[in-house]
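Reviewing the structure listed below.
Note that the structure is a prediction, hence the values are computed from the model and not measured.
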Amino acid sequence: MPSIITAVKGKNVVIYNARFDLKFLPEVKENADVVHCCMLRYARFKGDWNEYYNDYRWHKLTVAARHIGYRFEGDAHRALADCQATRAVWQHMELETVF
């Protein structure tokens with residue numbers, strides 16, 4: 001945990017499903033400057049409305065990655081591979097929303 005705290009201290013952190021992951025790592029939220037949820041942002045970005053929840057439909061990371069043309073390096077649902085995919089999805093949205 002000390003290494004994780006050092007890595008996130010004062011940083012902007014992007015997590016694919018932040019609400020879920022922060023249950024296990026509350027220290028990240030406590031020490032990061034800001035925590036962004038890539039999944040919620042991608043839901044708005046994709047724009048599929050869910051009438052039942054009256055909000056945008058959430059998508060799995062594998063679906064979001066495939067939608068932007070990202071191919072996993074390694075096995076999906078492994079920490080490093082998911083981190084790299086999340087970064088790719090976030091960067092794609094950053095580029096798309098600038099123009």
Side-chain angles (χ1 to χ4, degrees):
M1 188 51 65
S3 297
I4 293 172
I5 291 171
T6 299
V8 303
K9 190 122 183 118
K11 302 282 189 335
N12 289 334
V13 175
V14 177
I15 301 173
Y16 194 76
N17 185 348
R19 185 181 302 163
F20 178 81
D21 287 352
L22 291 174
K23 289 183 215 175
F24 304 101
L25 298 166
E27 297 85 355
V28 170
K29 187 174 183 179
E30 294 165 7
N31 289 280
D33 187 36
V34 178
V35 175
H36 302 277
C37 182
C38 187
M39 183 183 72
L40 295 179
R41 183 173 177 196
Y42 180 77
R44 290 187 304 273
F45 176 82
K46 184 79 166 80
D48 296 335
W49 190 253
N50 184 322
E51 291 291 335
Y52 182 80
Y53 290 108
N54 198 35
D55 202 354
Y56 292 104
R57 182 173 176 265
W58 298 353
H59 299 272
K60 293 179 180 182
L61 176 57
T62 53
V63 171
R66 184 175 43 236
H67 177 252
I68 67 157
Y70 179 80
R71 297 189 72 180
F72 275 83
E73 298 174 27
D75 297 327
H77 307 299
R78 304 300 303 164
L80 180 58
D82 283 4
C83 181
Q84 291 168 332
T86 297
R87 181 176 185 237
V89 171
W90 188 264
Q91 287 178 335
H92 178 83
M93 291 186 297
E94 288 286 292
L95 289 173
E96 291 292 318
T97 56
V98 169
F99 300 102

Checklist entry - Under a single-linkage definition using a 4.5 Å side-chain heavy-atom cutoff for Ile, Leu, Val, Met, Phe, Trp and Tyr, are Tyr70 and Trp58 assigned to the same hydrophobic cluster? => result yes
Item to check | Common cluster, Tyr42/Leu22, ILVMFWY with side-chain heavy-atom separation under 4.5 Å | outcome: no
Next on the checklist: Test side-chain contact (heavy atoms from CB on, under 4.5 Å) on Met1 and Leu25; report intermediate values, then the result.
Outcome noted: CA-CA 9 Å; Met1 188 51 65; Leu25 298 166; 3.5 Å; yes
Going by heavy atoms in the side chains, are [X] and [Y] under 4.5 Å from each other?
X	Y	answer
Leu95	Met93	no
Glu27	Ile4	no
Val89	Gln91	no
Lys46	His67	yes
His59	Asp48	yes
His77	Asp82	yes

Quick one: pull up [atom1] in [X] and [atom2] in [Y] and give me the separation to the nearest 0.5 Å.
X	Y	atom1	atom2	answer
Leu80	Gln84	CG	CD	4.0 Å
Asn17	Leu40	CG	CG	7.5 Å
Ile5	Glu30	CD1	CD	8.0 Å

Checklist entry - Looking at Phe20 versus Tyr16, is the centre-to-centre ring distance below 6.0 Å? => result no
Next on the checklist: For His92 together with Phe45, are the ring centres under 6.0 Å from each other?
Outcome noted: yes
Next on the checklist: Determine whether Glu94 and Arg41 satisfy the following criterion, salt bridge (Lys or Arg N to Asp or Glu O under 4.0 Å), listing intermediate values before the conclusion.
Outcome noted: CA-CA 10 Å; Glu94 288 286 292; Arg41 183 173 177 196; 2.5 Å; yes
Next on the checklist: The test is side-chain contact (heavy atoms from CB on, under 4.5 Å); show your working for Val14 and Arg87 and say whether it passes.
Outcome noted: CA-CA 8 Å; Val14 177; Arg87 181 176 185 237; over 6 Å; no
Checklist entry - Stepwise, does the side-chain contact (heavy atoms from CB on, under 4.5 Å) test hold for Lys11 with Asp33? => result CA-CA 5 Å; Lys11 302 282 189 335; Asp33 187 36; 5.8 Å; no
Checklist entry - Run the side-chain contact (heavy atoms from CB on, under 4.5 Å) check on Val35 and Ile15 step by step: do they pass? => result CA-CA 7 Å; Val35 175; Ile15 301 173; 3.9 Å; yes
Next on the checklist: Is it the case that the side chain of Asn50 and the backbone of Tyr53 share a donor-acceptor pair, with hydrogens and angles ignored and the cut-off at 3.5 Å?
Outcome noted: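 Between the backbone of Tyr53 and the side chain of Asn50 there is a qualifying donor-acceptor contact (under 3.5 Å).
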Checklist entry - Any idea which heavy atoms bring Ala81 and Gly74 closest together, and the distance? => result CB-C, 4.3 Å
Item to check | Least distance between heavy atoms, Ala18 atom then Cys37 atom | outcome: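 Minimum heavy-atom separation between Ala18 and Cys37: N-SG, 3.5 Å.
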Checklist entry - Taking the six-membered ring for Trp, are Tyr56 and Trp49 parallel (under 30°), tilted (30 to 60°) or perpendicular (over 60°)? => result perpendicular
